[in-house]
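What follows is a short report on a single structure.
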Amino acid sequence: MSNAEVTVLPDDADLEPAFDVRLDVFVDEQGVDEAIEIDGKDPDATHVLARIDDEAVGTARLREIDDRTGKVERVAVREAHRDTGLGGALVERVETLARERDLQRLELHSQTRVEEFYESLGYETTSDVFDEAGIPHVEMEKEL
């Protein structure tokens, strides 16, 4: 993997670096409406941030759905840092965080173009294709 440092942000952290990555990837690159991307659920989530030389290059968040299930959301890696293992490192850190919280299952909504990426990490597709923010997605899950 690249020389990225992947850290869990404290609850009171400034989320601006994570938002910058998400806006770059989802809004600017993929055309998602900013009002959909910044969905009001960030205060209820734990955020993971990847930095290289103090620059935010990737992010993800974990929300607890119930006492046994978590949801992996907003996994984003800036284009210049894709295919370096950084996305896998972000998801792995979220999975470790979920295990530390005694969650037994993770679910996520994957864009269909990256469904194979999540399959390679052990996630299984559990739905047909559906539209989310104008992009085809599938539901996926993994037992921890």
Side-chain angles (χ1 to χ4, degrees), residues 1-127 130 132-135 137-144:
M1 187 187 83
S2 61
N3 58 338
E5 177 188 14
V6 179
T7 58
V8 176
L9 297 178
D11 289 341
D12 62 349
D14 175 11
L15 297 180
E16 212 53 46
F19 291 157
D20 287 346
V21 173
R22 288 167 40 187
L23 293 172
D24 187 30
V25 172
F26 296 125
V27 176
D28 297 342
E29 186 181 324
Q30 297 180 358
V32 173
D33 186 316
E34 186 172 340
I36 294 172
E37 170 51 35
I38 306 302
D39 61 1
K41 296 177 182 175
D42 290 298
D44 301 325
T46 302
H47 298 264
V48 176
L49 188 67
R51 288 185 179 97
I52 296 177
D53 298 327
D54 212 33
E55 177 196 357
V57 296
T59 189
R61 74 180 186 194
L62 171 67
R63 278 192 315 119
E64 293 185 36
I65 303 303
D66 59 39
D67 60 359
R68 75 174 301 269
T69 308
K71 189 168 183 192
V72 182
E73 299 176 319
R74 303 305 198 261
V75 178
V77 175
R78 292 189 195 268
E79 189 172 21
H81 299 279
R82 292 188 195 139
D83 299 317
T84 64
L86 188 54
L90 284 163
V91 174
E92 184 178 293
R93 189 64 189 94
V94 168
E95 290 176 358
T96 299
L97 189 59
R99 285 185 187 98
E100 289 169 355
R101 295 180 177 181
D102 295 323
L103 299 177
Q104 291 139 35
R105 189 172 74 84
L106 286 173
E107 57 185 45
L108 57 84
H109 291 179
S110 169
Q111 294 182 10
T112 54
R113 64 182 188 80
V114 292
E115 184 176 1
E116 287 183 11
F117 162 73
Y118 289 107
E119 286 175 345
S120 75
L121 299 175
Y123 289 81
E124 295 180 12
T125 302
T126 57
S127 77
F130 61 92
E132 189 168 89
I135 300 169
H137 282 72
V138 292
E139 290 180 10
M140 303 185 81
E141 66 180 43
K142 178 179 182 177
E143 296 294 324
L144 296 177

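A donor-acceptor contact shorter than 3.5 Å links the side chain of R82 to the backbone of V77. Formation of a donor-acceptor pair under 3.5 Å by the H137 side chain with backbone atoms of I135 is found in this model. In this structure, R78 contributes its side chain and A56 its backbone to a donor-acceptor pair below 3.5 Å.
The closest side-chain heavy-atom distance from V57 to V21 is not below 4.5 Å. Side-chain contact between T69 and E107: present, with at least one pair of heavy atoms (C-beta onward) separated by less than 4.5 Å. Taking 4.5 Å as the limit, some side-chain heavy atom of L103 sits within range of a side-chain heavy atom of E64. At a threshold of 4.5 Å between non-hydrogen side-chain atoms, the residues T59 and V25 do not count as touching.
More than 12 non-hydrogen atoms from other residues, nucleotides or ligands lie less than 6.0 angstrom from CD of E132. Within 6.0 Å of atom CG in D44, more than 12 heavy atoms from other residues, nucleotides or ligands are found, so the atom counts as buried in its surroundings.
Residues forming a side chain to side chain contact (heavy atoms under 4.5 Å, CB included) with D102 (at least two apart in sequence, or on another chain): none. Residues passing the side chain to side chain contact (heavy atoms under 4.5 Å, CB included) test with D67: none are found, sequence neighbours excluded.
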Throw together a table of side-chain donor-acceptor distances under 3.5 angstrom for residues 46-55, partners on residues two or more places apart or in other chains.
residue	atom	partner	partner atom	Å
T46	OG1	R101	NH1	3.0
T46	OG1	R101	NH2	2.8
H47	NE2	D42	O	3.1

Check residues 115-122 and write down every donor-acceptor pair under 3.5 Å in which the side-chain atom is one partner and the other belongs to a residue at least two apart or another chain.
residue	atom	partner	partner atom	Å
E115	OE2	T125	OG1	2.5
S120	OG	F117	O	2.5

Check the pair E29 / E79 against side chain to side chain contact (heavy atoms under 4.5 Å, CB included), numbers first and verdict last.
CA-CA 9 Å; E29 186 181 324; E79 189 172 21; 4.2 Å; yes
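The minimum heavy-atom distance between A4 and L86, with the atom names listed, is CB-CD1, 3.6 Å. Of all heavy-atom pairs between G70 and L62, the closest is CA-CD1, 4.0 Å. Taking all atoms of both residues into account, the shortest heavy-atom contact from A76 to L90 is O-CD1, 4.0 Å. Taking each heavy atom of F26 and V75 in turn, the nearest pair found is CZ-O, 3.4 Å.
Applying the side-chain hydrogen bond (donor to acceptor under 3.5 Å, both in side chains) definition to pairs two or more places apart or across chains, those involving residues 87-97 are E95-Y123, E95-K142. Sequence neighbours left out, the pairs with a member in residues 30-40 that pass side-chain hydrogen bond (donor to acceptor under 3.5 Å, both in side chains) are R22-E37, Q30-Q111, E37-R74, D39-R61, D39-R74.
Salt-bridge formation is not detected for the pair E139/K71: no Lys NZ or Arg NE/NH1/NH2 atom is positioned less than 4.0 Å from an Asp or Glu carboxylate oxygen.
In this structure, R63 CZ and L106 CG are separated by 12.5 Å, a value rounded to the nearest 0.5 Å.
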